[in-house]
Amino acid sequence: MGRVSGEEGASHVHCRKHHLQVIGCVIVFYFSFFVFFLSRYASLYFCCAVENQDNELLTLEIVHRYVELLDKYFGNVCELDIIFNFEKAYFILDEFIMGGEIQETSKKSAVKAIEDSDMLQETMEEYMNKPTF
Amino acid sequence: MVVPSLKLQDLIEEIRGAKTQAQEREVIQKECAHIRASFRDGDPLHRHRQLAKLLYVHMLGYPAHFGQMECLKLIASPRFTDKRVGYLGAMLLLDERQDAHLLITNSIKNDLSQGIQAVQGLALCTLSTVGSAEMCRDLATEVEKLLLQPSSYVRKKAVLTAVHMIRKVPELSNIFLPPCAQLLHERHHGILLGTITLIMELCERSPAALKHFRKVVPQLVQILRTLVTTGYSVEHSVSGVSDPFLQVQILRLLRILGQNHEESSETMNDLLAQVATNTDTSRNAGNAVLFETVLTIMDIRAAAGLRVLAVNILGRFLLNNDRNIRYVALTSLLRMVQSDHSAVQRHRPTVVECLREPDASLSRRALELSLALVNSSNVRAMTQELQSFLESCPPDLRADCASGILLAAERFAPTKRWHIDTILRVLTTAGTHVRDDAVANLTQLIGGAQELHAYSVRRLYSALADDISQQPLVQVAAWCIGEYGDLLLEGGCEETEPLQVEEEKVLALLEKVLQSHMSLPATRGYALTALMKLSTRLRGDNNRIRQVVSIYGSCLDVELQQRAVEYNTLFRKYDHMRAAILEKMPLVERGGTQDEEAKESKEAQLSEAALVATEPQASKLLDLLDLLDGTSGAAQPPPAPEPSPGGTLVHLLDLPCASPAPASIPNLRVFEREGLQLNLSFVRPPGTPALLLITVTAINTSGADVTHFVCQAAVPKSFQLQLQAPSGDTVPAQGGLPVTQLLRILNPNKAPLRLKLRLTYNHFGQSVQEIFEVNNLPVETWQ
């Protein structure tokens, strides 16, 4: 599986909060090696590429799980959350999928791991006090 | 003065605030200049922020290569914040193709062995995402050690890193195979999932590993069974299904292990049935598991009942509201249709329903599947459905649909008439999309179904009258009208509505085809030939036809011109042969081209006509020949006059253009009785010394008609004789139109010619039979 990317559909400045709801999922056949998936949640589009032999219906579940993780972490995620915290979106993805395979199927564990890592991020004071190399 | 660098969020705001692309570029270029300066200055405090901004810009598509070294520095930093961003940067900017890639190996190695699991996690993640083969080799043992770490978080990531390493360096399988047995006993779902993925990779790369892991099939079955029967678990349930991700992965591994292996397949039979029947299918998660189960059943050596269950599940999927589920169902059924044909047949109505899908990829798959499901018992219904689909389907599917229908019709047509109707309908609906041999096939089919000639020609005539733009249809119709024009005018065919057709209309239609700009050159050729054939089929005079033919003698198209010139000549100089040449064609061999009266088919026609004529006479010739060859001993069976195609027979069309009989042989009156006279005229074509052509002419000067007139001939054994069909069997009274018959005699040995004739006819209410030998045959006939 490749990386999942989320993009806004229209450039709105105001943040729109909404419940997670899949608007549409489409299996789009692209190359002979991959199948592309497009999932739409309001104005967010998620695109995912999988290999031929992967279970297409499960891929829809995978995308949904990722969105759920985002939702759980950010609390009612909206597009601006992802835009302004893009590195967090990557970190969350890295707790769910690694090297193209699923590593953690428990929502709770995944989110907990990120929160633990967040705790490790130093405050400004700690940061300054740590020796530079 | 140091300008404080922008925070990441502020930069993002600024970029989003840009109203045009140019403005955005400006903002980014300015910021990148700052970032570059900052990197040059080596400011350690803000490095991570600068890199984060750079990564954002990189995501938008702008160059960010100058940040590569900074990633290295950040990874090596003791601060977690730095490492987090640094590793992210490495994954985005430092893939295998970059020169600086290898430099991260050392940092990763250090981070793998120090104690903080978050850091170890970062390192493992980077390794499994961008690790090159060399890096994998270097760090394999480190990862192997981590497989035994107490922290499940680390173990889970280590297992997946091992998967990546094996993909990059298959030889590392040796290191990672032994731990698998132990890892399978894990309770942690994440580790279990990773282990199963690892085993799958190992099995795919090595048959020995596959054999080795077949031993764990019972264990896998147990794990899955526990999963399925466990109730709701907060952590892992998705829409009422326990950990569908893990279930699917186990099913995939079972598929690999059970393929082509009877024993393993048997072990998993019950479990698969259990999963197939107990999974909740109201939501997608359940359907995903069910789908994987079906795929597994299809690939292993499953019991027959299980396979039927799988097909039925797919059939249920076809009725699902969700388009994606219908899509996977159609794709899977297509794979199964060969091996489990009867099971898939049961879902035929549903499949046919799917033809009406608005979505193009769904209707395409439905079409493929429908075509695969046609058999002799459902061909009528299916063709009906496919025809209505053909009328409304998107253009890119038309060609496939048309060919599919024609192929199915060819294989399963219940009656010839149905077959002709079907092809006709396809040609009318989608004529431009059919394959080239459709025309040939249809003419072949019609030609062979003698009882349907009248029906075919009527239907084709009506179709042609409606629309002359569909070329294949026009070609077939023109050919048919040419061949069977007489049947068209006869009227009274029970199978179609009564159609009053006038000769003039028919000719006008063919001329219209000839002149239309829509007609291809090939089509014009068909039309011209058809017109020519009609000259012998229709009863009116041929002036109109002659006119058209002579006009086209100066046509620009060379093919048409040649045909027209030849036909013209036929009218002018060889009128007496026109009827014979333009007779109804016999069935052409499959595979021959159908464009014209090809020389070969003319050959076949001549020889076949002769063969037909001589066969009934063969028995009667015996007595004639006995009389002739009495001196040469016991009667031999008559030499069957072989219609040797090619070889010694002269092509009728090869006859010299000059008038026949340059050395004219006098005619001979051989018989006369009560007004009925029989004359023989002889021709020795100069090109073929062994050939003698005799035309027998019967004239009746009496007051009563001579009816049922049959003339038979016999020659000595060394000769070869062919009788053509006579022009009629009634010699009308008062010197009406004589009956002629052509005899061809081959005399390769130049032996003296002897000819015996036998006549039977009715005259004045009496039946007459006469047998006599022709005397006074001129010497020129055989010398």
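Per chain, numbering begins at 1; letters A, B, ... match sequence-line order. Hydrogens, waters and symmetry mates are skipped; everything else that's a heavy atom, side chains included, is used.
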Q: Quick one: do A:E101 and B:R167 satisfy salt bridge (charged side-chain N to carboxylate O under 4.0 Å, His left out)? Show the steps, please.
A: CA-CA 13 Å; A:E101 304 286 343; B:R167 285 182 181 152; 2.7 Å; yes
Q) What part of A:F84 gets closer than 4.5 Å to chain B, counting heavy atoms only: side chain, backbone, both or neither? A)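 Contact with chain B involves both backbone and side-chain atoms of A:F84.
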**Q.** Interchain contact, A:K107 with chain B, by part (heavy-atom threshold 4.5 Å)
**A.**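 Backbone only.
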Under a 4.5 Å cut-off applied to non-hydrogen side-chain atoms, are [X] and [Y] in contact?
X	Y	result
A:Y90	B:L55	no
A:N85	B:Q9	yes
A:F91	B:L88	yes
B:V238	A:R65	yes
A:L80	B:R16	yes
B:Y56	A:I83	yes
A:E56	B:F291	yes
A:L120	B:T81	no

Once you round to the nearest 0.5 Å, how far does [atom1] of [X] lie from [atom2] of [Y]?
X	Y	atom1	atom2	value
A:M98	B:H164	CE	NE2	9.5 Å
B:L246	A:S106	CG	OG	12.5 Å
B:H189	A:S109	NE2	OG	10.0 Å
B:I116	A:D116	CD1	CG	12.5 Å
B:R255	A:Q53	CZ	CD	9.0 Å
B:S128	A:I97	OG	CD1	11.5 Å

Q: Test B:K157 against A:D94 for salt bridge (charged side-chain N to carboxylate O under 4.0 Å, His left out), laying out the working first.
A: CA-CA 10 Å; B:K157 292 196 185 247; A:D94 286 337; over 6 Å; no
Q | Test item: A:N55 side-chain N/O and B:A288 main-chain N/O as donor-acceptor pair under 3.5 Å | A |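 The answer is yes, because a donor-acceptor pair under 3.5 Å joins these two groups.
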Side chain, backbone, both or neither: which part of [X] has a heavy atom under 4.5 Å from chain A?
X	value
B:T161	both
B:L295	neither
B:R252	side chain
B:Q117	neither
B:L127	neither
B:L193	side chain

Q: Ignoring hydrogens and angles, state whether a donor on the side chain of A:E95 or B:Y153 is under 3.5 Å from an acceptor on the partner side chain.
A: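 A:E95 vs B:Y153: donor-acceptor pair found between side chains.
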Q. Between A:E61 and B:N284, do the side chains contain an N or O donor and an N or O acceptor separated by less than 3.5 Å?
A.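 Indeed, the side chains of A:E61 and B:N284 share at least one donor-acceptor pair under 3.5 Å.
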Q | Carboxylate-amine/guanidinium proximity below 4.0 Å for A:E104 and B:K156 | A |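 Answer for the salt bridge query: yes.
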